[in-house]
Asker: 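Below are the structure tokens for one structure; questions will follow.
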Amino acid sequence: MTDSKTKTKFDRPAFIVRSKSLKDLLRDLRKAELWLFIAAIAAFLASAFFVVKYFVGGDMTPETWSSEQWMNALLGLGITAVITAAQAFLYASGYKGPAAIIATFIVVFFGLFSEISQSMEREDATVRHRSENSAVFQAAVGSINSLANSASSISNEQRALADTRAQLAYWQDLKVQKNARHEAVKYSHRSLDRKIADYERKLASYHHQVSLQDQTRSSLLGSAINQAKQLEYDEDKHYAMIRLIKDFLGVTGIWASFFFSVIIIGTFEYAFHFVGVYVADHRAALLLMGRDSQGKLINAPAEIPLVAQQAGRGVIPKDHANQLRDEYLAWVSPDRGERTNTTTLPTENSQKLEELAVEENKVADMTQKRFFKIIYTDVRNRILNGEVKPTVRPVTEAVSTMIREKGERMGIKAALMGKPERQAIAEAILRTLEQETVVELNAEGGVGKPKYVLAPKYAEAMQLNKVAF
């Protein structure tokens, strides 16, 4: 939210304090912390798969790992766990400034790099699995096996070629014998030459047929192998959205897979960061209300009320149950120009708070008007804490007690305040509380019942404080 002249950042913790009750704030904080833990676990697993796979050499079968691979796997898990924890703590810390920006960039870069890499590896494995189990790929592998089996068996042409070679060798041997000893062979030279020529022609024919057959088998086998290689990783087996990105942008499948992973992991990282900031803002809101992460009031050092410390720094506490803010407004003196209309300071802290105010502000002369204000503050506290009923007699008794305990010490003589005056003060206090809507007339009033009762919002706040403690 910016002004046209002065640019200011939107104060989320202050907005949370104004818009949520303590109970709602604590409930939302617990939910956010749970989701932050879940997001951290998811980020750790997404990064760990890739880092461990890289460290052990790509083999993700732990039962076959060697001791060295196990050590590398543990190292990868440790590195990932530390970086993921730093990422979650940084998001939930609410740190600002250049150093926090640099740290955020480093941890986010690691998360994006490792998680996108793992996502792409998963998509690559999915495509390969789909491709290898497709019917077309199985048919291609079957044709390769068939061609390989046929190549290993003897065809009719190969058998005829072998027989022709044997016959040719037989007649050539007779020709040699005929030339060596004419009468040893009954066939004439002409018959031998004719037989040799016939078998030479047959040999050449069968040899040509076998060569063509081998070429055909080799060609078919090579084509089948190439087809199987292409079908082993079929780009059409990507997810439909990745194919859409591929066709829309005109890029390769691996780039489309990268863009797809960036969309998923980028959205997750943003959500991770948002949940962490949400936790940080709610914790800061609790601190603004003077409470710890469990919703309990923070104890000030040396039992000095927190409201006094905050007031000393000029900070107005904001508590949706109005407890701390009212304490502050009651503590600040009227002569400082501050509002002093409400308070819910616990009874046991009233005297300490007064003494602290007297000491720090060095107020030596307490006027009667100031003393009446202190009486009003203490009585109002006791009514809100359920110690005094909002009726004239109990309030008058509380006023009398205050006068006896603190009147003389502050220069107020008890003799100046008789019973009628004290009763008048009590009635004035009750009327003022009614005007401030702290109390209201008891609709069920009658004999033996209080004239006034706490307003619903203060009754609810009192119950909420009891639950918080």
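Please read all numbers here as calculations on a predicted model, not as lab measurements.
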Asker: Quick one: CD1 on Ile245 to CD1 on Ile263, what's the gap to the nearest 0.5 Å?
Answerer: 4.5 Å

Asker: When you look at CZ of Phe44, are more than 12 heavy atoms from neighbouring residues, nucleotides or ligands closer to it than 6.0 Å?
Answerer: yes

Asker: Within the side chain of Glu269, is there an N or O that forms a donor-acceptor pair under 3.5 Å with the backbone of Gly266?
Answerer: no

Asker: Is Glu33 salt-bridged to Arg283, going by a charged N under 4.0 Å from an acidic O?
Answerer: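 Answer for the salt bridge query: yes.
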
Asker: Search all heavy atoms of Val275 against all heavy atoms of Ala32 and return the closest pair with its distance.
Answerer: CG1-O, 3.4 Å

Asker: Taking all atoms of both residues into account, what is the closest heavy-atom pair of Ala280 and Ser93, and its distance?
Answerer: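 The answer is CB-C, 4.1 Å.
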
Asker: Can you check whether Ile242 reaches Val127 side chain to side chain, under 4.5 Å on heavy atoms?
Answerer: no

Asker: Anything under 30° is parallel, anything over 60° is perpendicular, the rest tilted; go ahead and classify Phe105 against Phe109.
Answerer: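 Geometry flag for Phe109 against Phe105: parallel rings.
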
Asker: Nearest 0.5 angstrom please: Glu115 CD to Met120 CE, how far?
Answerer: 14.5 Å

Asker: Is it the case that the side chain of Gln69 and the backbone of Val56 share a donor-acceptor pair, with hydrogens and angles ignored and the cut-off at 3.5 Å?
Answerer: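 Between the backbone of Val56 and the side chain of Gln69 there is a qualifying donor-acceptor contact (under 3.5 Å).
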
Asker: Please report the shortest heavy-atom distance between Ala398 and Val379, naming the atom on each side.
Answerer: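 Scanning both residues completely, I find the closest heavy atoms to be CB-CG2, 4.2 Å.
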
Asker: Determine whether Leu36 and Tyr278 make a side-chain contact, defined as any pair of heavy atoms from C-beta on separated by less than 4.5 Å.
Answerer: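 Answer no - side chains too far apart.
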
Asker: Could you measure the distance from the NE2 atom of His273 to the OG1 atom of Thr104? Nearest 0.5 Å is fine.
Answerer: 5.5 Å

Asker: What is the minimum heavy-atom distance between Ser293 and Leu29, and which atoms define it?
Answerer: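 That would be O-CD2, 4.0 Å.
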
Asker: So how far is it from Ile16 CD1 to Asp281 CG, rounded to the nearest 0.5 Å?
Answerer: 5.0 Å

Asker: Of all the heavy-atom pairs spanning Ser114 and Ser47, show the shortest one and how long it is.
Answerer: OG-OG, 2.7 Å

Asker: Is the shortest side-chain heavy-atom distance between Val51 and Tyr54 below 4.5 Å?
Answerer: no

Asker: With rounding to the nearest 0.5 angstrom, report the CG to CZ distance, Leu74 to Phe55.
Answerer: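 Interatomic distance, Leu74 CG to Phe55 CZ, rounded to 0.5 Å: 11.5 Å.
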
Asker: In the structure I gave you, are the side-chain heavy atoms of Val251 and Phe258 within less than 4.5 Å of one another anywhere?
Answerer: no

Asker: Looking only at heavy atoms, what is the nearest atom pair of Thr80 and Thr84, with distance?
Answerer: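 It is O-OG1, 2.7 Å.
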
Asker: So, the side chain of Ser257 versus the backbone of Gly253: is there a donor-acceptor pair under 3.5 Å, distance only?
Answerer: no

Asker: With no hydrogens and no angle check, do the side chains of Thr64 and Thr61 hold a donor and an acceptor under 3.5 Å apart?
Answerer: yes

Asker: With no hydrogens and no angle check, do the side chains of Glu123 and Gln118 hold a donor and an acceptor under 3.5 Å apart?
Answerer: no

Asker: Going by heavy atoms in the side chains, are Leu112 and Val262 under 4.5 Å from each other?
Answerer: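 The answer is no; the side chains never approach within 4.5 Å.
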
Asker: Roughly how far, to the nearest 0.5 Å, is CG of Asn72 from OG of Ser66?
Answerer: 8.0 Å

Asker: Have a look at Tyr91 and tell me which of Tyr270, Phe272, Phe37, Phe274 forms a ring-ring contact (aromatic ring centres under 6.0 Å, His included) with it.
Answerer: Phe272

Asker: Quick one, Asp247 with Arg243, criterion salt bridge (charged side-chain N to carboxylate O under 4.0 Å, His left out). Give me CA distance, side-chain angles, the key distance, then yes/no.
Answerer: CA-CA 6 Å; Asp247 295 339; Arg243 297 199 303 270; over 6 Å; no

